[in-house]
There are 2 protein chains.
Amino acid sequence: MSATITDVARAAGVSPSTVSRALGGGPVNDATRATIVRVAEELGYRPNRAARELITGRTGTIGLLVPDLGNPYFSEIIKGASSRARAGALPIFVSDTDEDVAREREAIASLRATTDGLLLVSPRGSDEELAALAAGGPTVVVNREVPGLPAVISDAASGIAQALQHLGALGHTRVAYVTGPHGSWSDHRRREGLASATGLGIEIVHVPAATPTFHSGVLAADLVLTTGATAVIAFNDLIAIGVLDRLAARGVRVPHDLSVVGHDDIAMASMCSPHLTTIAVPKERMGSMAADMLLRTLDRRGASDDRDPSVLLPSTLIVRDSTGEVKA
Amino acid sequence: MSATITDVARAAGVSPSTVSRALGGGPVNDATRATIVRVAEELGYRPNRAARELITGRTGTIGLLVPDLGNPYFSEIIKGASSRARAGALPIFVSDTDEDVAREREAIASLRATTDGLLLVSPRGSDEELAALAAGGPTVVVNREVPGLPAVISDAASGIAQALQHLGALGHTRVAYVTGPHGSWSDHRRREGLASATGLGIEIVHVPAATPTFHSGVLAADLVLTTGATAVIAFNDLIAIGVLDRLAARGVRVPHDLSVVGHDDIAMASMCSPHLTTIAVPKERMGSMAADMLLRTLDRRGASDDRDPSVLLPSTLIVRDSTGEVKA
DNA sequence: ACACACATTGCAAACGATGCCAACATGGCC
DNA sequence: GGCCATGTTGGCATCGTTTGCAATGTGTGT
């Protein structure tokens, strides 16, 4: 079908090995290389990925695994990662696990076989399991810390602290936290952030949410109202928007009667009504940085084996219209 | 590293070719096959994709191209396609074009080289260009019709008709349509739908939007108010939600003062305030059906060359809270 | 008992690119 | 003028799998 390296070699009057070297950066006479490059261009030569992979053992692709492709939070991470991967001319496999641990395990195994490295976003498996699976090849984790693996995470404690300070300044003294899914690493971190933000004179009361979704938020809203809290911080924006929706239905005015703070700053946060005050995390940057770390790891494969340090990206509170002074 | 076909052959006391046939469904003695299968399992044998691809010329993967990975509308199509692909055990490459024609061209070319078939969602290129690019291999188009290519589309005319009937029944006689991006095939179809829905006594006035985004909707809202229309149909939900947002800011009540209808029924449509009446299209089903058509094409490659017929999926109007009776 | 069909298996040649090694030419140096 | 270092190049084996073809063995019909 398309031109092979042999075709180019013949057309340029050299051997296939020379073409390989010329195109691959080996030692070749400048004039020869120029000719070969020109001829290759004319013939529209594209190296056959499979043949190259077979001999080098590298696939030239990376894999990205997220819990849910439909979740806008992950979409932005994907965008970041795929633009970085494109810059490195690496195709990227994207797959989702439907938030399921078994599917995650399976997906990691299958991606492993077809890629040189993996980006695991918000993985659900246990530390041990992930460490074992990650041993199969270069891996970078996003939104999670796994001992021994490089990670890209956001500074949850700082984000939470900013939110509490903001609420404190508005006079709130009793704040509800709507949790994330059970066992979620991110949720754990945010609870720690809440616990460590003492000295503000704010009391925290927890309200459970089973899933990080709009519907869980709707459910949680009624629970929040029974706690006597004057403000609520939600595990993520989707939950916060669910809370907002239910509050509106019940005639509770936001922020007049209750202040609401989300987390992540997905696009929807500035589209809902009222516009959501939220703790923004640099999603796209996390994706691109994770991809970047992975690519660098691949480049120096076998060279210095110093671990990539984990990266902590800043969270920033974005104040919009869903938070306000507490009314007496 | 991992076991090769030769390892299995040696362990089973047969030749590699026999192993290949046993695992690949060729004519092999039942007892022999049983042994080979068992041994392969024990050794954890996984055929090397690259080697197979090299000889068969098939990559065993498919590609999916969308204009924007962050757009929730496309997310759902991706989910549908990838779940179908997973059922066929085919990994799927996902890439986006940033709504850019040049990038689209480039992405198609590069995906072509690494996949057996392509799913093009809402491609922006011209018919001629797409037909040319599609000639490179099996292709299924979603949300667009390109002469000579199998396609999966939704019944825009019916959706629009349902919306107009609904609005007509509520007493509206002057309806604004906020358009999609210039040159968009979907937009064209929706305009045709509007034009052909005569006999309802409804006058249509067009309001331009440059991009299918929230911000365009915000912009369009003010324009809509100058037209004297009592209802507005937006090219998609994102625009409709932008309209909603701007109307709220200007104190225009929905649906009391103005009715708003979206298109697509993305998840956000039932999360915004008021909940959006919208023309739902079966996004996930479109994705899975498109993937299914592509897989079937790949299976009978070279066999009967009858073209896959295009598929038209029904649109249904979902009435929520953003539409109501026209007030005198 | 012989020929022939058929089932089962092994052999060897690919597929396209890479990279080791040897071959060759050239120029500088003693 | 001969030797060696250096720069360039071609030859060839190789990666793991599939597949056409030939070889072997078994059973059947006459």
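Every heavy atom of this structure was used, including side-chain atoms; hydrogens, water molecules and symmetry mates were not. In what follows, chains carry the letters A, B, and so on, assigned in the order in which the sequence lines appear, proteins first and then strands, with residues in each chain numbered from 1. For clarity, every value in this text was computed on a predicted model and none was experimentally measured.
Annotation: ring-ring contact (aromatic ring centres under 6.0 Å, His included) contacts involving residues 33-90 of chain A, sequence neighbours excluded, are absent.
Residue Arg46(A) places its CZ atom among 12 or fewer non-hydrogen atoms of other residues, nucleotides or ligands, all under 6.0 Å distant.
In this entry the distance linking CG of Leu23(A) with C1' of dG19(C) reads 15 Å, nearest Å. We find that CG of Leu54(B) is positioned 9 Å from C1' of dC15(D), with the value rounded to whole Å.
Taking a cutoff of 4.0 Å between a charged side-chain nitrogen and a carboxylate oxygen, Arg124(A) and Glu99(A) qualify as a salt bridge. The residues Asp68(B) and Lys79(A) are annotated as salt-bridged, a charged nitrogen and a carboxylate oxygen being separated by less than 4.0 angstrom. Salt bridge status for Glu129(A) with Arg105(A): present, with a side-chain N to carboxylate O gap under 4.0 Å. For the pair Arg10(A) and Asp7(A), the salt-bridge criterion is met [side-chain N within less than 4.0 Å of a carboxylate O].
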So which protein N/O to nucleotides 17-24 of chain D N/O distances come out below 3.5 Å?
residue: dT17(D); atom: OP1; partner: Tyr45(B); partner atom: OH; Å: 2.8
residue: dT17(D); atom: OP1; partner: Asn48(B); partner atom: N; Å: 3.0
residue: dT17(D); atom: OP2; partner: Ile5(B); partner atom: N; Å: 2.3
residue: dT18(D); atom: OP1; partner: Arg52(B); partner atom: NE; Å: 2.8
residue: dT18(D); atom: OP1; partner: Arg52(B); partner atom: NH2; Å: 2.9
residue: dT18(D); atom: OP2; partner: Ser20(B); partner atom: OG; Å: 2.8

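The stretch residues 28-43 of chain A comes close to DNA chain D through Val28(A), Asn29(A), Thr32(A), each having a heavy atom under 4.0 Å from the strand.
For Glu106(B), there are no side-chain hydrogen bond (donor to acceptor under 3.5 Å, both in side chains) partners at least two apart in sequence or on another chain. Residues satisfying the ring pair (Phe, Tyr, Trp, His ring centres under 6.0 Å) criterion with Phe93(A), sequence neighbours excluded, are Phe93(B).
Bending across the helix from dA1(C)-dT30(D) to dC30(C)-dG1(D), expressed as the angle between its end axes from five pairs apiece, amounts to 60° (10° rounding).
Side chains of Thr59(A) and Asp116(A): a donor on one and an acceptor on the other come within 3.5 Å.
Within the 3.5 Å criterion, the main-chain N or O of Arg52(B) finds a donor-acceptor partner in the side chain of Thr56(B).
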